[in-house]
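Structure record follows, encoded as structure tokens.
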There are 2 protein chains.
Amino acid sequence: MSNISKEDYLRVIYKGLEDSEIVSPSMVAEHLNISNAAVTDMLRKLTKEKYVSYEPYRGIQLLQKGRSEAIKIVRRHRIWETFLFKVVGLPWYQIDEEAENLEHSSSDELIDRLEMILGYPDFDPHGHPIPKRNGKIPKQNKSFPLAKLNAGETACIQKVNDYNKELLKYLYESKLMIGNRLKVIEKRKFDDTLVIQIDKKQLIISEKISKNIFVEKIK
Amino acid sequence: MSNISKEDYLRVIYKGLEDSEIVSPSMVAEHLNISNAAVTDMLRKLTKEKYVSYEPYRGIQLLQKGRSEAIKIVRRHRIWETFLFKVVGLPWYQIDEEAENLEHSSSDELIDRLEMILGYPDFDPHGHPIPKRNGKIPKQNKSFPLAKLNAGETACIQKVNDYNKELLKYLYESKLMIGNRLKVIEKRKFDDTLVIQIDKKQLIISEKISKNIFVEKIK
DNA sequence: AATAATATTTAAGCGCGCTTAAATTTAAAT
DNA sequence: ATTTAAATTTAAGCGCGCTTAAATATTATT
């Protein structure tokens, strides 16, 4: 991988904060595939320039400047993902990778046009909200990892983590996609492996996968 | 401007060779807005890696490796330009700038899909041929700069140089676009300023502009 | 409370693509 | 042929984002 920019750091930090309270340097390093030392370096710069605040072992926080910058980048990323999926027709599991490259090379005007062509969508193909031009973020129902569902419960897939292409490919092939409904048949005590029913087929899902799928309960 | 890559150098060299026999380091420097010394540096690398051959004051030549690489980049660039114009709807004078950024961030698969969506066009919106996936380049009729046309002659605009956004904007506003027909009413001896007729209106065009417009004679 | 494991920072260094200023080469003009 | 102008290269240096290895700080374990 070539050069990682400030934008990548901010995106990863922002996405990290979407899921968990605390985002540590090592998490960032892992997502960007770089060394911890590199993250320390960049955090110093981002701190100096008031993008983030940071205390060792207490996690990274986005300051106003960093948050609004990150939202712009996430907006670009998710609009590209949606466009690549709906208009260009790239496969569901490939759009994240491609958008990651394009997001750094697009003017605001281009992004706005893509958004218009798409009809101002609220969510991207992986179920994540697309920030609006003014920074507003579409609201989503409360959701939780599929891993926490119990036997007998039914739910609907709201979003999935797109950290890993292989995971996405697996989900795609198993039809574990946004909006689909599923039911937990069995939850194995020891390793939290789930047996679920989706689309009239049964599927066995490890905890490593199910924790990346976020669902809403169905009343 | 941030970092210029090998790809930019190769694209500029290739495009330079489309128009003139000799491409010098200083021409490259000017087009990329960097110093001559930077070009010297990069030429050393490109020569060492067998992309180009080069003799001072005799111009830069593309070797096989460099030529095929350059063709790929030009292909990406021109497909993006066409897509941005026809599908996204960005203005004619803005697509070059935008494509210059996107061309470095696109997989071959993405480019191939865009090309398919466009219906495998032979030429981009500025009239330049789009190399095919296999490297083949659509043939064009012989053309020459509008500046060389004489009073009374009629011609058709085949392509325009897209080096400069302001130039393109001017051409756009004057309807000096691809395929349009024009007639030279008068050619002023001293400075080669042209008076032309296009679309029933008369236009006065300096030599600095007319040398960037390439036309075909109409029989 | 002492020790082990983990997270983070520091230090030194590297490759890249750029810069400016000075030196050199080639081409053009007289 | 000599001078002048223009193009090119060399030299020194810089900022960036990365690396690895070693040092240090925090948290977890016993």
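Quick caveat: nothing in here was measured; it's all calculated off a predicted structure. Lettering follows sequence order; numbering is per chain, from 1.
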Inset, instruction - Quick one: sort the Y163(B) and H31(B) rings into parallel, tilted or perpendicular, breaks at 30° and 60°. - result: tilted
Tell me: [atom1] of [X] to [atom2] of [N], nearest whole Å?
{"X": "I34(A)", "N": "dC16(D)", "atom1": "CD1", "atom2": "P", "answer": "16 Å"}
{"X": "E55(B)", "N": "dT25(C)", "atom1": "CD", "atom2": "P", "answer": "16 Å"}
{"X": "M27(B)", "N": "dA6(D)", "atom1": "CE", "atom2": "P", "answer": "18 Å"}
{"X": "K6(B)", "N": "dG17(C)", "atom1": "NZ", "atom2": "P", "answer": "7 Å"}
{"X": "E30(A)", "N": "dT8(C)", "atom1": "CD", "atom2": "P", "answer": "12 Å"}

Legend entry - Phosphate OP1/OP2 of dT8(D): any R58(B) side-chain N/O under 4.0 Å: no
Legend entry - N/O donor-acceptor pair, side chain Y57(B) with base dT25(C), under 3.5 angstrom: yes
Inset, instruction - Measure the spacing between CD1 of I79(B) and CZ of R113(B) and express it to the nearest 0.5 Å. - result: 13.0 Å
Inset, instruction - Give, for atom CH2 of W80(A) and atom OG of S105(A), the distance between the pair rounded to the nearest 0.5 Å. - result: 9.0 Å
Legend entry - Residue from R76(A), K132(A), K72(A), R133(A) passing salt bridge (Lys or Arg N to Asp or Glu O under 4.0 Å) with D112(A): R133(A)
Inset, instruction - Could you walk me through whether E69(B) and K6(B) pass salt bridge (charged side-chain N to carboxylate O under 4.0 Å, His left out), step by step? - result: CA-CA 10 Å; E69(B) 190 66 20; K6(B) 256 176 219 177; over 6 Å; no
Inset, instruction - May I ask you to test the Y51(A)-I13(A) pair for a side-chain heavy-atom distance under 4.5 Å? - result: no
Legend entry - Nucleic acid contacts - residues 35-54 of chain A versus DNA chain C, non-hydrogen atoms under 4.0 Å: N36(A), A37(A), T40(A), R44(A), Y54(A)
